[in-house]
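The structure under discussion appears below in the form of structure tokens.
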Protein chains: 2
Amino acid sequence: MDDRDARILKAIATLGTGSPEDISEYTGIPKSTVHYRIKNLKEDGILINDLLDVDAQKLGLEITLVTQVVAEYNEAYHVEVGEKLAAIEGVNQVYFTMGENDFVVISNLTDRDMVSRLVTDFEKIDEVVRTSSQFVIETIKDEPNLLNDFELETVTEFTPKVE
Amino acid sequence: MDDRDARILKAIATLGTGSPEDISEYTGIPKSTVHYRIKNLKEDGILINDLLDVDAQKLGLEITLVTQVVAEYNEAYHVEVGEKLAAIEGVNQVYFTMGENDFVVISNLTDRDMVSRLVTDFEKIDEVVRTSSQFVIETIKDEPNLLNDFELETVTEFTPKVE
DNA sequence: ATTGAAACTTGATCGTT
DNA sequence: AACGATCAAGTTTCAAT
């Protein structure tokens, strides 16, 4: 796992494709080399499946943090605040929730230093009033496997009976 | 969006591949038809990129819920409780967190009925003591874009100078 | 909208450096 | 490990239904 691998992984995330051709063009690395690297990344378990999902733990991002961020309510700027949160290094998901003008933020981090930096960054945002974080001990499910129990709604149509 | 599309989407999620060949084999739908369907799903914005990420909202899963679940502490069974949570219809992510023996659960749901069913299901689990849910008004970031700000640690090596 | 078969693109392999 | 040339494989297209 070196700089070249990182560039390839970034290309995959940025381009939204796993095509060696496209990645090659984007990174300037020859496609046969891209292919060779991706093969290794799969063998190492960093890239998980054909859809090239990334294993955060294998990348050394072992700390997952769930943070509740309370911010001053400001109708116009709540998205902007959300975007500031989203831009912070390590942040993966940002939800703006009902009720208490809260954000729920989920982050993947490498070490304790990154954790404290993260919280500091949260509190640097002017509108942020309070943060409260919980470490994740174990991730039991972390796939947006939206279709696990997805069933099409059965729409029963009634034909009006005209007698 | 009909039953066939649903089967194809499930196949993608299950197999972890977008290959028309593999999906065809798994579903029994001819590969040219699989290709035709996937093309339409992309045009409709349900499948987002070449990595075939799914847009939950386009699927009608417009309600995202963040739930904190407090459960009785039981060293042996906390994973089992987590797995029960993960198995509930609509649940996408389950984190077991530090401190209060909490789970944080994130779900994608279609309607209010599904919400109340979900909460009922949570409380049917014996060990569950209390749940508290927050509706997500807006999802500002929801991609495990782990590499956004990922930089390789620069390990500076010092060669001991022998004089 | 579906599908079998043809056409073609490109991902994967191989041999050399 | 890197990479250009080559080939096999699988995707995409197309025409008929």
Side-chain angles (χ1 to χ4, degrees), chain A residues 1-55 58-60 146-147 150-157 159, chain B residues 1-55 58-60 144-147 150-157 159:
Chain A
M1 181 70 201
D2 62 1
D3 176 64
R4 258 184 156 175
D5 285 330
R7 277 162 62 210
I8 289 168
L9 291 175
K10 273 189 188 176
I12 291 171
T14 309
L15 300 173
T17 181
S19 153
E21 194 132 302
D22 294 346
I23 297 167
S24 171
E25 193 178 342
Y26 185 78
T27 58
I29 301 167
K31 72 170 180 171
S32 54
T33 305
V34 169
H35 179 261
Y36 174 78
R37 291 302 189 111
I38 288 178
K39 190 175 133 254
N40 284 343
L41 289 167
K42 280 185 185 168
E43 278 167 9
D44 295 346
I46 292 170
L47 293 174
I48 296 161
N49 52 27
D50 287 357
L51 305 178
L52 303 184
D53 288 325
V54 174
D55 185 328
K58 289 272 169 71
L59 262 181
L146 301 166
L147 299 157
F150 178 77
E151 297 293 341
L152 276 185
E153 288 166 60
T154 308
V155 179
T156 309
E157 284 183 40
T159 312
Chain B
M1 182 70 201
D2 62 2
D3 176 63
R4 258 185 155 176
D5 285 330
R7 277 163 60 211
I8 289 168
L9 292 175
K10 273 188 188 177
I12 292 170
T14 309
L15 300 173
T17 180
S19 153
E21 193 131 301
D22 293 347
I23 296 166
S24 170
E25 194 179 339
Y26 185 79
T27 59
I29 302 167
K31 68 174 177 173
S32 53
T33 306
V34 170
H35 178 260
Y36 174 80
R37 290 303 189 111
I38 288 178
K39 190 175 134 251
N40 284 343
L41 289 168
K42 280 185 185 167
E43 278 168 9
D44 295 347
I46 293 169
L47 293 175
I48 297 161
N49 51 28
D50 288 356
L51 305 178
L52 303 184
D53 289 325
V54 174
D55 185 328
K58 289 272 170 72
L59 262 182
N145 213 339
L146 301 166
L147 299 158
F150 178 77
E151 299 292 342
L152 276 185
E153 288 166 59
T154 308
V155 179
T156 310
E157 284 184 39
T159 313

In whole Å, what is the span from the [atom1] atom of [X] to the [atom2] atom of [N]?
X       : N      : atom1 : atom2 : result
B:Leu52 : D:dT11 : CG    : P     : 11 Å
B:Glu43 : D:dT12 : CD    : P     : 13 Å
B:Ile8  : C:dA1  : CD1   : P     : 13 Å
A:Leu41 : C:dA12 : CG    : P     : 14 Å
A:Glu21 : D:dT12 : CD    : P     : 13 Å

Give a yes or no on whether a salt bridge exists between B:Asp5 and B:Lys10, defined as a side-chain N under 4.0 angstrom from a carboxylate O.
no
Hey, are A:Arg37 and A:Asp2 close enough for a salt bridge, meaning a charged N less than 4.0 Å from a carboxylate O?
yes
Worked verdict on B:Leu52 versus B:Lys42 for side-chain contact (heavy atoms from CB on, under 4.5 Å)
CA-CA 8 Å; B:Leu52 303 184; B:Lys42 280 185 185 167; 3.7 Å; yes
Does A:Lys31 make a side-chain donor-acceptor contact with the base of C:dG11, cut-off 3.5 Å?
yes
Any idea which heavy atoms bring A:Asn49 and A:Asp53 closest together, and the distance?
ND2-OD2, 3.1 Å
Note on DNA chain D: ranges paired as stems (three or more Watson-Crick/G-U pairs in a row, both atom distances under 3.5 Å) are C:1-17 with D:1-17
Could you go step by step and tell me if A:Thr33 and A:Arg4 meet the side-chain contact (heavy atoms from CB on, under 4.5 Å) rule?
CA-CA 10 Å; A:Thr33 305; A:Arg4 258 184 156 175; 4.1 Å; yes
Which sits closer to the 5' end of DNA chain D, B:Gly18 or A:Pro30, going by the nucleotide each is nearest to?
A:Pro30
Dump the intermediate steps for side-chain contact (heavy atoms from CB on, under 4.5 Å) on A:Met1 and A:Leu9, then the final yes or no.
CA-CA 10 Å; A:Met1 181 70 201; A:Leu9 291 175; 3.7 Å; yes
Answer yes or no: is there a donor N or O on one side and an acceptor on the other, between the side chain of B:Asp44 and the main chain of B:Ile46, under 3.5 Å?
no
Test item: B:Thr27 side-chain N/O and B:Ile8 main-chain N/O as donor-acceptor pair under 3.5 Å
no
Sub-4.0 Å heavy-atom contacts from residues 32-40 of chain B onto DNA chain C, ordered by number
B:Ser32, B:Thr33, B:Tyr36, B:Arg37
